[in-house]
**Q** 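Take this structure, written in structure tokens, and hold onto it; I'll ask about it next.
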Amino acid sequence: MDFFIKNERHRKLGFLFFVLYLVLLTYFLIFAEEMGRTPGIRAGYSYNLTPLKEIRRFLTHADVLGWRAVFLNIVGNMAAFMPFGFFLPEIWSRVDRWYTTTLLGAVFSLCIETTQLVFRVGSFDVDDLLLNTIGALAGYLTFCGARKIWRRYSAAYRK
């Protein structure tokens with residue numbers, strides 16, 4: 001277990017939060033009927049492979065769709081993956097680099113998007129993949145900032 005962070009209490013707590021986060025994320029992205037996730041209800045497959053197409057559509061038609069829908073789509077996709085980037089480096093020290101955490105966030109997002117496509121409970125959207133990956137990176141950067149503040153606070157408290 002040399003690849004885990006040495007502080008066992010933080011690692012266990014981070015692991016617990018990470019698992020809870022993954023369960024909730026999976027529920028909302030695959031199973032939640034209130035999010036329009038009803039397996040097999042779509043007759044065909046729905047996908048977007050053109051980068052920025054849906055983001056542009058949401059921004060262009062914000063007056064019709066409503067700013068709430070725009071906010072939920074753009075900010076919501078990023079916010080949904082911020083915990084991924086925040087908790088993963090806390091529980092697994094091999095992921096303590098921005099590029100590793102971001103890549104794993106992109107791979108996890110790709111798995112979610114592919115699952116939505118295959119089981120027809122959503123649509124495969126390359127823009128969601130992009131926004132989720134940005135969210136994982138933002139979560140990692142937030143983790144780094146929090147770790148820096150924690151270390152500074154801990155050092156000042158020990159004096």
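Only this structure's heavy atoms are used, side chains among them; waters, hydrogens and symmetry mates stay out. Remember, predicted model here, so these are calculated numbers, not experimental data. Just so you know, residue 1 is the first one in the sequence shown, and it goes up from there.
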**Q** If two hydrophobic side chains count as joined below 4.5 Å and joins carry through other members, does Y21 share a cluster with L13?
**A**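 Yes, same cluster.
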**Q** With a 4.5 Å limit on heavy-atom distance, are the side chains of L52 and V126 in contact?
**A**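 Not in contact.
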**Q** Looking at residues at least two apart in the chain, or sitting in another chain, which of them share a side-chain hydrogen bond (donor to acceptor under 3.5 Å, both in side chains) with W98?
**A**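 W98 satisfies side-chain hydrogen bond (donor to acceptor under 3.5 Å, both in side chains) with no residue once adjacent residues are dropped.
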**Q** Would D127 and R57 count as a salt bridge (Lys or Arg N to Asp or Glu O under 4.0 Å) if you check the C-alpha gap in whole Å, the side-chain angles of each, and the deciding distance to 0.1 Å?
**A** CA-CA 11 Å; D127 291 347; R57 184 179 70 84; over 6 Å; no
**Q** Which pair of heavy atoms, one from E90 and one from R11, lies closest together, and at what distance?
**A**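 Shortest heavy-atom separation between E90 and R11 comes out as OE2-N, 4.1 Å.
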**Q** Is F28 reachable from F31 through a run of I, L, V, M, F, W or Y residues, each pair having side-chain heavy atoms under 4.5 Å apart?
**A**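 In one cluster: yes.
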**Q** Are F143 and L88 linked, directly or through intermediate hydrophobic residues, by side-chain heavy-atom contacts shorter than 4.5 Å (ILVMFWY only)?
**A**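 Yes: a chain of side-chain contacts under 4.5 Å links L88 to F143.
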**Q** Are F81 and M78 co-members of a hydrophobic cluster defined by side-chain heavy atoms under 4.5 Å apart?
**A**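 No, no single cluster joins them.
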**Q** Check the hydrophobic clustering (I, L, V, M, F, W, Y; side-chain heavy atoms under 4.5 Å; chains of links allowed) and say if L25 and I74 are grouped together.
**A**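 Unlinked, L25 and I74 end up in two clusters.
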**Q** If you count every heavy atom of other residues, nucleotides or ligands that lies below 6.0 Å from Y47 atom OH, does the total exceed 12?
**A**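 Count not over threshold, so no.
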**Q** Please check if the side chain of Y140 supplies one atom and the backbone of M82 the other of a donor-acceptor pair under 3.5 Å.
**A**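 No; zero donor-acceptor contacts below 3.5 Å.
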**Q** Taking all atoms of both residues into account, what is the closest heavy-atom pair of W92 and L104, and its distance?
**A**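 It is CZ3-CD1, 4.1 Å.
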**Q** With a 4.5 Å heavy-atom cut-off, do F87 and V19 have their side chains touching?
**A**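 No, their side chains stay 4.5 Å or more apart.
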**Q** Output yes when a side-chain donor or acceptor of N73 lies under 3.5 Å from a complementary backbone atom of A69, and no otherwise.
**A**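 Flag not set: sc N73 to bb A69 has no pair under 3.5 Å.
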**Q** Find out whether L137 and T101 are in side-chain contact, i.e. whether some heavy atom of one side chain is under 4.5 Å from a heavy atom of the other.
**A**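 Answer no - side chains too far apart.
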**Q** Using atom types as modelled and distance alone, determine if a side-chain donor or acceptor of Q116 lies under 3.5 Å from a backbone N or O of F124.
**A**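 Between the backbone of F124 and the side chain of Q116 there is no qualifying donor-acceptor contact (under 3.5 Å).
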**Q** Once ring-ring contact (aromatic ring centres under 6.0 Å, His included) is applied, what residue pairs with a partner in residues 55-75 remain, sequence neighbours excluded?
**A**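 Listed by first then second residue: nothing to list.
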**Q** Rounded to the nearest 0.5 Å, what's the gap from CG on L130 to CD1 on I55? Could you check?
**A**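 If I round to the nearest 0.5 Å, the distance is 5.5 Å.
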**Q** Kindly state whether the ring of F17 and the ring of F86 have centres lying under 6.0 angstrom apart.
**A**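 That pair fails the under 6.0 Å test.
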**Q** To check you understand the geometry: which heavy-atom pair defines the closest contact between S109 and L129, and what is its length?
**A**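 Distance-wise, the nearest heavy atoms are OG-CD1, 3.3 Å.
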**Q** I want to check something: taking the side chain as every heavy atom from C-beta on, are N132 and E113 in contact at a cut-off of under 4.5 Å?
**A**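 With C-beta onward as the side chain, the pair touches.
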**Q** Drop me the distance from S123's OG to L117's CG, to the nearest 0.5 angstrom.
**A**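 The OG atom of S123 sits 8.5 Å away from the CG atom of L117.
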**Q** Test side-chain contact (heavy atoms from CB on, under 4.5 Å) on T102 and T133; report intermediate values, then the result.
**A** CA-CA 6 Å; T102 305; T133 303; 3.5 Å; yes
**Q** Identify the two heavy atoms, one from A62 and one from V70, that lie closest to each other, and give their separation to 0.1 Å.
**A**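 Closest heavy-atom pair between A62 and V70: CB-CG2, 3.7 Å.
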**Q** Could you check N77 against E54 for side-chain contact (heavy atoms from CB on, under 4.5 Å), going step by step and ending with a plain yes or no?
**A** CA-CA 12 Å; N77 273 303; E54 285 298 305; over 6 Å; no
